[in-house]
Amino acid sequence: MKLFDAHCHLQDKRVIDKAPELIAAALAVGVTNFAVNGTSEKDWDLVKEMGEMYPSVIPCFGLHPWFIADRSPHWLNTLRKFFETTPTAAVGEIGLDKSPLAAGIDYSDQLVVFRPQLELAKELNKPVAVHCIDAFDDLLEIMRSVGPFPAGVILHSFNGTAEVVPELAELGAYFSLSGWFTYIDEKIAKNTLKSIPCDRLLLETDSPDALPKSDESSSDPEPTLNDPANIVAVLEYVANMSSMKKEDLAELTYGNTVRLFSYPGSKLLEAQ
Ligand SMILES: [Zn+2]
């Protein structure tokens, strides 16, 4: 069974020292690739290095909405340069967040940072990983005006409802489910799953965050870090929710992710 972690952050300072072991442990359970998403100018170099060090790592560069306050005046130019020097890279993580998680982060500023990155992904014809919480109206409006996105827009840790899926899919969206999905009400989760077209479903860990719910973790007073081998728990949960065999779901989502990350210049295309 082959798996592809469509979104994670192995450059995160909480896990970077353990990255070789985490990657080895995930490879051992069948994970062939990791889309490692940068979040700010501070970690783009690290993501680039990981992409050079590990054949399995797909580097992704983007400015995450939570970190926009620290951006330099020339951040967008710096971002462009990263794509010039790293043609294997995809775009991400970028996004919009109106939830309490983004309390204190100016929303109009988020829009100012989000749009040019989405336009850059479109211009470079690369997939882009998008974080969207409580902002699907604005996301749709911007995607309508900038899109469509034949190279794909990954709605990572997808937490929207079934209603927004069809139009997003038509514009080029993929729906990537992480451990967060295991905390969503079962009925809503099943409905959402039913609405997602088969060829647009992905699995991810969002490691080191988004630890999937389990009997052990729910009784654990200390939040535990999530690692990419836990994609198996996400697979099992989503398979159960969609009444699919986990082997079939693995094959489906693996094929979708490989197709999505086989853009011109990508490692996957080179490897073929
Ligand atoms: Zn993320």
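Note that the coordinates shown come from a computational prediction; the quantities given were computed from them, not determined experimentally.
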Q: Compare every heavy atom of A173 with every heavy atom of L155, then report the nearest pair and how far apart it is.
A: CD1-CB, 3.8 Å
Q | F34 to V31 - nearest heavy-atom pair and separation | A | CE2-CG1, 3.6 Å
Q. In terms of the angle between their ring planes, are F61 and F82 parallel, tilted or perpendicular, with boundaries placed at 30° and 60°?
A. tilted
Q: Please confirm whether the backbone N or O of D209 pairs with a side-chain atom of N226, one donor and one acceptor, at under 3.5 Å?
A: yes
(Q) Checking T253 against L177 for the side chain to side chain contact (heavy atoms under 4.5 Å, CB included) test, could you report, in this order, the C-alpha distance in whole Å, the side-chain angles of both residues, the deciding distance, and whether it holds? (A) CA-CA 10 Å; T253 52; L177 305 179; over 6 Å; no
Q.
Just so I know, are the side chains of L10 and P228 near enough to count as touching, which here means a heavy-atom distance under 4.5 Å?
A. yes
Q. Any luck finding a side-chain donor-acceptor pair between R80 and N77 under 3.5 Å?
A. no
Q: Dump the intermediate steps for side chain to side chain contact (heavy atoms under 4.5 Å, CB included) on L139 and V130, then the final yes or no.
A: CA-CA 9 Å; L139 177 69; V130 170; 4.1 Å; yes
Q. Just how far is it from atom CG of L3 to atom CG of L249, taken to the nearest 0.5 Å?
A. 9.0 Å
Q: With rounding to the nearest 0.5 Å, note down the distance linking CE in M1 to CG in L235.
A: 5.0 Å
Q) Under a 4.5 Å cut-off applied to non-hydrogen side-chain atoms, are V57 and I23 in contact? A) yes
Q. Can you name the closest pair of heavy atoms from K267 and P55 and give their distance?
A. CD-O, 3.5 Å
(Q) If you define the side chain from C-beta out and look only at heavy atoms, does anything of L193 sit under 4.5 Å from L201? (A) yes
Q.
Under the criterion ring-ring contact (aromatic ring centres under 6.0 Å, His included), I'd like the reasoning laid out for F4 against F261: C-alpha separation, chi angles, the key distance, then a yes or no.
A. CA-CA 10 Å; F4 193 133; F261 281 96; 5.3 Å; yes
Q) Going from OG on S72 to NZ on K42, what distance comes out if it is rounded to the nearest 0.5 angstrom? A) 10.5 Å
Q: Kindly say whether T161 contributes a backbone atom to a donor-acceptor pair with the side chain of T192 at under 3.5 angstrom?
A: no
Q) Is atom CG of D109 surrounded by more than 12 heavy atoms (other residues, nucleotides or ligands) closer than 6.0 Å? A) yes
**Q.** Taking every non-hydrogen atom, the tightest pair across I184 and Y237
**A.** O-OH, 4.2 Å
Q: Examine distances only and state if a side-chain atom of E41 and a backbone atom of R71 form a donor-acceptor pair shorter than 3.5 Å.
A: no
**Q.** Whether S99 side chain and L101 backbone form a donor-acceptor pair below 3.5 Å
**A.** yes
Q) Does the N256 side chain pair with the main chain of C198, one donor and one acceptor, at a distance under 3.5 Å? A) yes
Q. Is the closest side-chain donor-acceptor distance between Y174 and T257 under 3.5 Å?
A. no
Q) Salt-bridged, D227 to K18, with N to O below 4.0 Å? A) no
Q: Could you tell me whether the side chain of T86 and the main chain of A89 form a donor-acceptor pair under 3.5 Å?
A: no
Q) Would a 4.5 Å heavy-atom cut-off, applied to side chains only, mark D206 and S176 as touching? A) no
Q) Taking atom types as modelled, is there a side-chain donor on T39 or E93 under 3.5 Å from an acceptor on the other? A) no
Q: Evaluate the side-chain proximity of N191 to K187: yes if any heavy-atom separation is below 4.5 Å, no if none is.
A: no
Q) Do I105 and F67 touch side chain to side chain, with heavy atoms closer than 4.5 Å? A) no
Q) Is there a ring-ring contact (aromatic ring centres under 6.0 Å, His included) between F136 and F158 once you walk through the steps? A) CA-CA 11 Å; F136 282 96; F158 181 63; 5.7 Å; yes
Q) Strictly by modelled atom types, are D138 and Y107 linked by a side-chain donor-acceptor pair under 3.5 Å? A) yes
Q) Do any N or O atoms from the side chain of R115 and from the backbone of V112 form a donor-acceptor pair under 3.5 angstrom? A) no
Q: Report the residue from H9, Q11, H64, K48 that forms a side chain to side chain contact (heavy atoms under 4.5 Å, CB included) with D43.
A: Q11
Q: Inspect the surroundings of CD in E170 and state if more than 12 heavy atoms from other residues, nucleotides or ligands are less than 6.0 Å away.
A: no
Q.
Go through it in stages, so that I can follow the logic: the residues are E167 and L140, the test is side chain to side chain contact (heavy atoms under 4.5 Å, CB included), and I'd like the CA-CA distance, side-chain angles, deciding distance and then a yes or no.
A. CA-CA 8 Å; E167 190 180 354; L140 257 173; 3.6 Å; yes
(Q) Using only atom types and a distance under 3.5 Å, with no angle test, would you say the side chain of K126 pairs donor to acceptor with the backbone of A151? (A) no
Q: Please tell me if the side chains of D97 and D134 come closer than 4.5 Å, counting only heavy atoms from C-beta onward.
A: no
Q. Does a side-chain N-to-carboxylate-O contact under 4.0 Å join K245 and E251?
A. no
Q.
For a 4.5 angstrom cut-off between non-hydrogen side-chain atoms, does L269 reach Y263?
A. no
Q. Given the rule in the side chain to side chain contact (heavy atoms under 4.5 Å, CB included) test, do V128 and Q117 qualify, once you have shown the distances and angles that lead to the verdict?
A. CA-CA 9 Å; V128 49; Q117 296 189 92; over 6 Å; no
Q) Between V234 and P212, what is the shortest heavy-atom contact and its length? A) CG2-CG, 4.0 Å
**Q.** Approximate separation, where rounding is to 0.5 Å, of D12 CG and D17 CG
**A.** 11.0 Å
Q.
Would the distance check show the side chain of E204 and the main-chain N or O of S157 forming a donor-acceptor pair, the cut-off being under 3.5 Å?
A. yes
Q | Polar contact flag, side-chain donor to acceptor under 3.5 angstrom, N159-W180 | A | no
Q: Measure from the side-chain N and O atoms of D5 to the backbone N and O of T205, and report whether any donor-acceptor pair falls under 3.5 Å.
A: yes
